[in-house]
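Worksheet for the structure shown next.
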Amino acid sequence: MRRPVLLVIAHGSRDPRHAATVHALVRRVRSLRPGLRVETGFLDFTIPSVPGVLESLAAEGVRDVVALPLLLTRAFHAKADIPAVLAEAPARLRVRQADVLGPSPLLLAALERRLYEAGLTPADKSSTGVVLASAGSTDPEAIAVIAAIAREWRHTGWCAVRPAFASAGSPAGFPRTEDAVRELHALGCERVAVAPYVLAPGFLPDRIARGAAAADVRADVLGPAPEVARVLLERYDAARTPALAVVGALGA
């Protein structure tokens, strides 16, 4: 039986670094699963668009697609935007929407990979405070997930872990990156590191970088880390099971 095509759905950005990073991640996924067809579509700003990719696949005679949101939390895009786009897929396509990437232990491993690449070592954990800097959301579920990730990560041995949001609409109680950096310095951590919990460069990741100016260490975005690619394949495999809802239906 032919495996469904994996369609990775990214948000898109005017910043060309965003698309370049998404494509690098998709290449990593292909390298881990030779023979799996992986396509990329963007919701905005960048081509190819998701509807365009779906139309092309249908025209080729493809029947089954797993659509995977390249998102770290379940917020508006995963709950509304992407289902609306997939609902308009050609009738001959059967489209399953996979779950978002987070939370996952593999993503925590990817965050630590980026911190070690930025100069830290495992021996530094107990004396280092970490700012878990995400883009931000007003969705209660997404906010709760970020807070839970910070708590879980703290228990792996870091001096402290504080969540922070980059977006202007961040809820009360979640500091900006620069405020979280100051808080960890005041707490007495020997050093402070900022770990961007974002997938690709762009406007909000740049804001995180500016907020990290007073930090001792600033990690890179998650990007095409091998752990992120493995999460994509886990979500793809899970979406192939019959238990997940079918967004589109086979045509008559």
Side-chain angles (χ1 to χ4, degrees), residues 4-30 37-60 62 64-91 93-102 104 107 134-139 141-143 145-146 165-170 196-208 221-224 228-229 231-233 235-236 238-239 244-248:
V5 171
L6 170 56
L7 171 58
V8 176
I9 300 179
H11 182 271
S13 171
R14 293 185 178 91
D15 189 325
R17 296 174 299 166
H18 175 88
T21 302
V22 170
H23 291 310
L25 175 58
V26 167
R27 288 194 295 272
R28 174 85 72 173
V29 172
R30 292 186 182 122
R37 181 171 178 181
V38 187
E39 300 290 343
T40 309
F42 297 88
L43 292 175
D44 208 352
F45 302 119
T46 312
I47 56 173
S49 68
V50 175
V53 175
L54 292 171
E55 290 285 351
S56 295
L57 291 173
E60 290 180 29
V62 171
D64 292 292
V65 175
V66 169
L68 195 156
L70 199 58
L71 301 167
L72 294 172
T73 58
R74 273 181 44 80
F76 182 79
H77 292 307
K79 295 177 179 178
D81 280 355
I82 292 175
V85 171
L86 297 181
E88 299 299 320
L93 284 179
R94 180 170 58 200
V95 184
R96 301 178 182 92
Q97 181 176 332
D99 202 358
V100 298
L101 303 185
S104 167
L107 294 178
S134 67
S137 176
T138 57
D139 184 283
E141 180 182 353
I143 293 167
V145 166
I146 297 298
F165 277 178
S167 62
S170 300
Y197 190 58
V198 292
L199 288 165
F203 176 74
L204 290 176
D206 282 350
R207 182 179 286 176
I208 290 172
V221 298
L222 295 173
V228 178
V231 176
L232 263 71
L233 290 172
R235 299 295 184 256
Y236 169 80
L244 287 185
V246 174
V247 179

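Computed from a predicted structure; not experimentally measured.
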**Message:** Using side-chain heavy atoms (C-beta onward) and a distance below 4.5 Å, is Val100 in contact with Thr73?
**Reply:** no

**Asked** Can you name the nearest heavy-atom pair linking Val62 to Asp64, along with the distance?
**Response** CG1-O, 3.7 Å

**Request:** Work out which heavy atom in Leu57 is nearest to a heavy atom in Arg37; give both atom names and the distance.
**Result:** CD2-NH2, 3.5 Å

**Request:** Heavy atoms only: give me the nearest Pro224-Arg28 pair and the separation to one decimal.
**Result:** O-NE, 3.0 Å

**Prompt:** Would you find a donor on one side and an acceptor on the other, under 3.5 Å apart, between the side chain of Thr40 and the backbone of Val8?
**Reply:** no

**Prompt:** Do Val5 and Glu60 have side chains that get closer than 4.5 Å, going by heavy atoms?
**Reply:** no

**Prompt:** Is Gln97 reaching over with its side chain to a backbone N or O of Pro69, donor-acceptor style, under 3.5 angstrom?
**Reply:** no

**Request:** Only one of Val228, Ile9, Leu199 passes side-chain contact (heavy atoms from CB on, under 4.5 Å) with Leu70; say which it is.
**Result:** Leu199

**Request:** Considering non-hydrogen atoms only, spot the tightest contact between Ala135 and Leu204 and give its length.
**Result:** CB-CD1, 3.7 Å

**Asked** Rounded to the nearest 0.5 Å, what separation is found between the CG atom of Leu72 and the OH atom of Tyr197?
**Response** 4.5 Å

**Request:** May I have the step-by-step check of side chain to side chain contact (heavy atoms under 4.5 Å, CB included) for Leu232 and Val26, ending in yes or no?
**Result:** CA-CA 9 Å; Leu232 263 71; Val26 167; 5.6 Å; no

**Request:** Applying ring-ring contact (aromatic ring centres under 6.0 Å, His included) between Phe42 and each of His23, His77, His11, report the one that passes.
**Result:** His23

**Message:** So which atom in Ala67 and which in Leu86 form the shortest heavy-atom distance, rounded to 0.1 Å?
**Reply:** CB-CD1, 3.6 Å

**Stepwise side chain to side chain contact (heavy atoms under 4.5 Å, CB included) check, Phe165 with Ile146** = CA-CA 10 Å; Phe165 277 178; Ile146 297 298; 4.0 Å; yes

**Message:** Please check: side-chain N/O of Arg235 versus main-chain N/O of Ala98, any donor-acceptor pairing under 3.5 Å?
**Reply:** no

**Request:** Please confirm whether the backbone N or O of Val38 pairs with a side-chain atom of Arg30, one donor and one acceptor, at under 3.5 Å?
**Result:** yes

**Request:** Any chance you could measure Leu68, atom CG, to Leu7, atom CG, to the nearest 0.5 Å?
**Result:** 9.0 Å

**Message:** Within the structure provided, determine whether Leu222 and Pro196 are in side-chain contact (heavy-atom separation under 4.5 Å).
**Reply:** no

